[in-house]
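Every chain is numbered from 1, with letters handed out A, B, ... down the list of sequences. The shown structure was predicted, so the numbers you read here are calculated from the model rather than taken from an experiment. Any value given below was found using the heavy atoms of this structure, including those in side chains, with hydrogens, waters and symmetry copies removed.
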2 protein chains.
Amino acid sequence: MHSMNWDDLRILRAVGHAGSYSGAARQLEITHSTVSRRMRALEASLGVALFEQVSGSLVLTAAGEDLAVTSSRLGEEVDAAELRVMGRDAELKGSIKLSIVDATARNLMPSFERFLTLYPGIELEIEVGPNLTSLPRREADVIVRATNSPPEILVGRKVATHNFPVYATPALLEKMGQETPLADFPWVLWGNGMMDTWMDRYVPQARVVCRANTASAMVEAVRAGIGLGHLSCYGVDTDPDFVRIYPADENFNLGIWLLTHPDLRKTARIRTFMKFLDAEMTAQRDTIEGRAPTRIEKYKDL
Amino acid sequence: MHSMNWDDLRILRAVGHAGSYSGAARQLEITHSTVSRRMRALEASLGVALFEQVSGSLVLTAAGEDLAVTSSRLGEEVDAAELRVMGRDAELKGSIKLSIVDATARNLMPSFERFLTLYPGIELEIEVGPNLTSLPRREADVIVRATNSPPEILVGRKVATHNFPVYATPALLEKMGQETPLADFPWVLWGNGMMDTWMDRYVPQARVVCRANTASAMVEAVRAGIGLGHLSCYGVDTDPDFVRIYPADENFNLGIWLLTHPDLRKTARIRTFMKFLDAEMTAQRDTIEGRAPTRIEKYKDL
DNA sequence: AACAACCTGTGCAATAATGCACAGCATGAA
DNA sequence: TTCATGCTGTGCATTATTGCACAGGTTGTT
């Protein structure tokens, strides 16, 4: 008997999650026209309307919602099964060249270790450096980047977000006095100017005593007590040397992107590795994004 | 990130169930070459061998078994969801012409009633007759047949099996005497001769006093006490007028096929109806096939 | 040994699916 | 009011998938 195409349910899951054909298309890395046709085909196959149009956008019907929920559960089972079996046998071998900034690399080392334990046939070549701005073709298989405008020649997805609260050290707070306003502190700013707009708006007369052009240098400069600084929660929240003194501004964050070249994305060991990192970072997202700080301090006023 | 094609899991489920690419192909109504390619693609996508070849046939690896089991569970969830939403709204309407023999039609009337209650927009035209041997194109949308050689121009599947134990009536047993051997009874045989080989082998000198050419006529002839007869358990096991006196021979049964024309199989109301009947008969398979008799008598010797 | 009936694998033509490019609609900001 | 940015729908060319036909292997029966 003719059966429904289960892969249409994978598309439906994405539509339910993204809220639109266009959003689902981006998530799945296919075109919105494909999503549209697949949902039409699914409706025809089932003989039921899954969507109704409201002001040019589509919303799920009751049947659509039912099926989208089921598809979401199916997705969880598929993902779990996929992780269980992917590259499970000795066939998964070869080299993976990873390009990653050093701060994020440090945070992910335990995950890399776990991956290499699971897949002993893999050789992971990690190219760690300061902010990597050029991506010569073929010099890396997998790229982890902190950006809000990922290069269009690569494919992948945003797995988490760097949020940047303002941090100080307890020693600096004590030295300056607990009631000293932010404007009176010395500041360490990002060399690429990404927080300058924020400073102009909220601490216009700030004493900028230092600029650093890498995440690691930023962290070490603040650790040394040189000044206050916007640091990513990722790895800093769990470092006892730091104290948050002002919350992150959601308009000043960076996506953490997991990217590869389009023609590599079907390569088993690349897919396995990216899926593994995706799962690891998804599991740690609250920690990465600063929603599970280990020290809670009274925030200063501007 | 590139995702596995979930529809490959639907194929894998069938392979796990059928035990071969060829068997899965028949079950899914696609070619074995498609099954082969889809399983190769799935293995490539996951980077794991799901099959290994043993004497020209394929057996599942541990990873393959893991994934086949998961796929089977997914299939149950998909089937349940599909039944919940299929044709759920008022859109499912139109006519369905069903061709079915009268004995099976009587057994399925409660199911037809349930279907029409669920889908009030459907008009079911049931063509009930004695054994229908010709299938003029387009005179029926859905065909239920008792056969072991379904017409190749139609598509569908065997949903259950007619098994044919030997039945008597209590009155006939009393009239003939409880210890009378089978050979001394009068017999009612099928007009199409389908049980003649069995009779030649096991009751060669039988007194054949009656032949009937339809299932209904067979049932009514035995009910009238004319003689013993091979009747389908389906509907007879639950009829208090009858007693089994000899078990069914598994080499003398008929498949119950649910069939339609290839170009109708994607039509929503046809698919919904066939899937519904499939589910109903699958749920009743033990009863249909005689594994849940309501009266258990001591079987006679040959 | 020969044959029948099952199995899987693959080249090539046919068919189906997808992406691209375009069109039109809705909404929010300036 | 105008414009930008999102959305969905669709014709056509491109790409991927499928079916057909064939080949070869294994097993069981005669």
Non-hydrogen atoms of B:Gly64 and B:Leu12 that approach each other most closely = O-CD2, 4.4 Å
key: Passing candidate, salt bridge (Lys or Arg N to Asp or Glu O under 4.0 Å) with B:Asp79, options B:Arg13, B:Arg73, B:Arg84   = B:Arg13
key: Separation of atom CG in A:Leu60 from atom P in D:dT8, rounded to whole Å   = 12 Å
inquiry  = From CD of A:Glu43 over to C1' of D:dG9, roughly how many Å is that when rounded to an integer?
reply    = 13 Å
ask   = Is it true that A:Arg271 and A:Glu82 have a side-chain N and a carboxylate O under 4.0 angstrom from each other?
value = yes
query = Atom CE of A:Met39 and atom P of D:dT10: how far apart are they, to the nearest Å?
reply = 16 Å
query = Below 4.0 angstrom from OP1 or OP2 of D:dG9, is there any side-chain N or O of A:Arg38?
reply = no
query = Are the aromatic rings of A:Trp198 and A:Phe164 close, with centres under 6.0 Å apart?
reply = no
task = Round to the nearest Å and state the distance from B:Arg26 atom CZ to C:dA5 atom P.
result = 14 Å
inquiry  = Measure CG/A:Asp7 against C1'/C:dA16 and give the value in whole Å, please.
reply    = 15 Å
key: Phosphate OP1/OP2 of D:dG6: any A:Ser22 side-chain N/O under 4.0 Å   = no
ask   = Does B:Ser36 put a side-chain nitrogen or oxygen below 4.0 Å from OP1 or OP2 of C:dT8?
value = no
ask   = For D:dT10, does OP1 or OP2 lie under 4.0 Å from any side-chain N or O of A:Arg40?
value = no
ask   = Is any side-chain N or O of B:Gln53 closer than 4.0 Å to OP1 or OP2 of C:dG9?
value = yes
ask   = Just wondering, do B:Val59 and B:Phe51 contact through their side chains at under 4.5 Å, heavy atoms?
value = no
remark   = To the nearest angstrom, the CD1-C1' distance between A:Ile11 and C:dA17 comes to 12 Å
task = Indicate whether the side chain of A:Thr31 and that of A:Thr34 have a donor and an acceptor atom separated by less than 3.5 Å.
result = yes
request  = Grab the CG-P distance between A:Leu50 and D:dT8 for me, whole Å please.
outcome  = 15 Å
Polar atoms only, N or O, under 3.5 Å: list the protein pairs with nucleotides 19-26 of chain D and their distances.
residue, atom, partner, partner atom, Å
D:dG19, OP2, B:Thr31, N, 3.3
D:dG19, OP2, B:Thr31, OG1, 3.2
D:dG19, OP2, B:Thr34, OG1, 2.3
D:dG19, O6, B:Arg37, NH1, 3.2
D:dG19, O6, B:Arg37, NH2, 2.8
D:dC20, N4, B:Ser33, OG, 3.1

inquiry  = Show the nearest heavy-atom pair for residues B:Glu289 and B:Thr161, with the distance to one decimal.
reply    = OE2-N, 2.9 Å
task = Let me know the distance between CD of A:Glu52 and P of D:dT8, rounded to the nearest Å.
result = 15 Å
